[in-house]
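Read the structure below first, then the notes.
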Amino acid sequence: MAMTIKIAEFEGPFDLLLKLIEGEEMDIYNIQIHQITRDYIATINAMQLFDMNLAGEFLVMASILLEIKSKMLLPDHQYEAIAFEDSEDPRYELITKLVEYKRFKAVSQEVARRQISEDLVFTDRGQVFLDPALFRKDYETMSYDIDVLTRAFNRIIQNLKRFDADKLDFFKNIRRERFTTENKVRMIRDLFKEHHRVVFQSLFEGTLILEEFITVFLAVLEVVRTDGIRVVQDRPFAEIHLIKEG
Amino acid sequence: MKVTQYTKILEALLFSSSEPLSYKKIAQIMDITLSDAKNLVAELKDFYTREESGVMIYDFKDKVQIGTNPKYVDYVKKLLNASKSRGLSESALEVLSIIAYKQPITKSEIEYIRGINSDRLIYQLMDRLLVEEKGRLEKVGRPKTYGTTDIFLRNFNLKSLKDLPQILYDEIEA
Amino acid sequence: MKVTQYTKILEALLFSSSEPLSYKKIAQIMDITLSDAKNLVAELKDFYTREESGVMIYDFKDKVQIGTNPKYVDYVKKLLNASKSRGLSESALEVLSIIAYKQPITKSEIEYIRGINSDRLIYQLMDRLLVEEKGRLEKVGRPKTYGTTDIFLRNFNLKSLKDLPQILYDEIEA
């Protein structure tokens, strides 16, 4: 049986098996296990299975088929079409599963037909327009459940988890901001209440992590901009001083 | 109850709600009976149909929601730039049907029926808000179970899960 | 141009738009002239007035938007107070949660995370007094940053931002 098959054509091993059975016009309850095992193995050989997990799933089915086939080779057995509760037949389990699968496959076509294709209907308007002027007073006193918020946040994270590891980094260090530029600016200003000259390096003493280091640095830039503090270095590699004039 | 005026109030409520509204809530807010609420919804529905309105009423289970009329979908799509088809793949539909009929169901049960790992498709269906987690089974590993959402009912035009097409056992001949 | 049919299309467009639509855009989507677009809006506006509809057209300068009729505002308020999300859509809540946890944050950071422009939702949250501008970042372009308001804290019954529920970071591992 020469078939050129792309993996994408099959939803899985059951799907492939069903198509082969249909192709050979076999009765699903009386699968010629010989024939079908040969077809199945030929097909998966022809398929280029790059995805190892996927390949594994197709191979598991191949081994099940081979096992059934070997059992059926045992003497003194004449196998007819399997009947209900005919659980002695080596094919029984496979066939009941196949029938079950086929049932869902059939019904999914039916379900699909009922779909008012969701792209025909738009209901999520993104927002509800209510004239803010009319509602201002209410908005001030409204009370929300905090869990609507955390649920929304978790939803975002779950979605990112599936699709975008990069963006997830954005949330990695969510924590209350321990170091704020405002605090550090205040700290520097306090220093300048007592000194008019501060060693740049000394501002970083006790700084433990990069984030704090950066915050201090930003605060320095801020006071330079707003408080008229000058930064002075006498020569290359010398200590840097912050000087407040007057 | 002056019917017309009330349908207009209902219209305002449906428009301003970002989620489906239950008849119960409508009744409570408008201070009318549950059956009055149902009548009003029916009335508004008729009105929209008669007017070939740009919007229509979608009702499912015990809830209603307003949405655009599929008749004008081309324009709405153009507006939302939603040219990409959002149809479900065949495999996603398979998984969805299995979940619909067998809920609550675990991932491994779905895998057992399909003979192939279906996690990715389950997530896809969850993203489309058609499927949601339904709690956990009280057995080893406490596996999560999955089921369909109200949005599933709405999108597939089902009033309840009872309206799912019958599975025809006889038809399953090879 | 068959006027009635066109007003219905316009209705569907206004309903599905999450922001005010300009006449220009309406004309472009419906493939009609600008003055036709204006006429249609006027027609739909008249229709709503005549019907004492639950909704009405709000027009600002060169844009229009559909919104609830102030006549029924008491019911809409009751609805808002009865719902958990108080009329905020899922997407608005998403934006609010990002702002709450990551403030001060710029629009472009929010857009980066959600993968979609969220300006309109930010404005909506500002209208609802939950979000406000918090100054500018001292970097290229000096972008505005946003954060939550005192009213946000009060509405969510938080003493301070420190009371925001802890998100479990282990779960954030990819």
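Chain letters run A, B, ... following the sequence lines, proteins first, then strands; residues in each count from 1.
Residue B:K102 qualifies as open at atom NZ: its count of foreign heavy atoms under 6.0 Å is 12 or below. Taking a 6.0 Å sphere around CG of B:D119, one finds it holds more than 12 heavy atoms contributed by other residues, nucleotides or ligands. The environment of NZ in C:K63 is sparse: at most 12 heavy-atom neighbours from other residues, nucleotides or ligands sit within 6.0 Å.
Nearest heavy-atom pair across C:G54 and B:A12 is O-CB, 3.4 Å. The heavy-atom pair separating B:S53 from C:K8 by the smallest distance is CA-CD, 3.9 Å. Between B:S17 and C:L79 the shortest heavy-atom distance is CB-CD2, 4.0 Å.
The OG atom of C:S16 lies 13.5 Å from the OH atom of B:Y75; values are rounded to the nearest 0.5 Å. B:I9 contributes atom CD1, which lies 10.5 Å from atom CG of C:N69 (distance to the nearest 0.5 angstrom). In this structure, CD on C:E51 lies 6.0 Å from CD on B:E51, to the nearest 0.5 angstrom.
With sequence neighbours excluded, the residues that form a side chain to side chain contact (heavy atoms under 4.5 Å, CB included) with C:L153 are C:D150, C:L158, C:L161. Considering only residues two or more places apart in sequence or on other chains, C:K78 meets the side chain to side chain contact (heavy atoms under 4.5 Å, CB included) condition with B:I29.
Relative orientation of the B:F15 and C:F15 rings is perpendicular, given thresholds of 30° and 60° on the angle between their planes.
When the candidates C:V55, C:D74, C:L44, C:I26 are compared by the number of heavy-atom contacts under 4.5 Å with chain B, C:V55 comes out ahead.
Looking at C:Q28, only its backbone comes within 4.5 Å of chain B, counting heavy atoms on both sides. Only the side chain of C:L21 has a heavy atom closer than 4.5 Å to any heavy atom of chain B.
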- request: Determine, step by step, whether B:Q5 and C:Y72 satisfy the side chain to side chain contact (heavy atoms under 4.5 Å, CB included) criterion, reporting the C-alpha distance in whole Å, the side-chain angles of both residues, the deciding distance to 0.1 Å, and the verdict.
  value: CA-CA 10 Å; B:Q5 169 90 348; C:Y72 310 116; 4.0 Å; yes
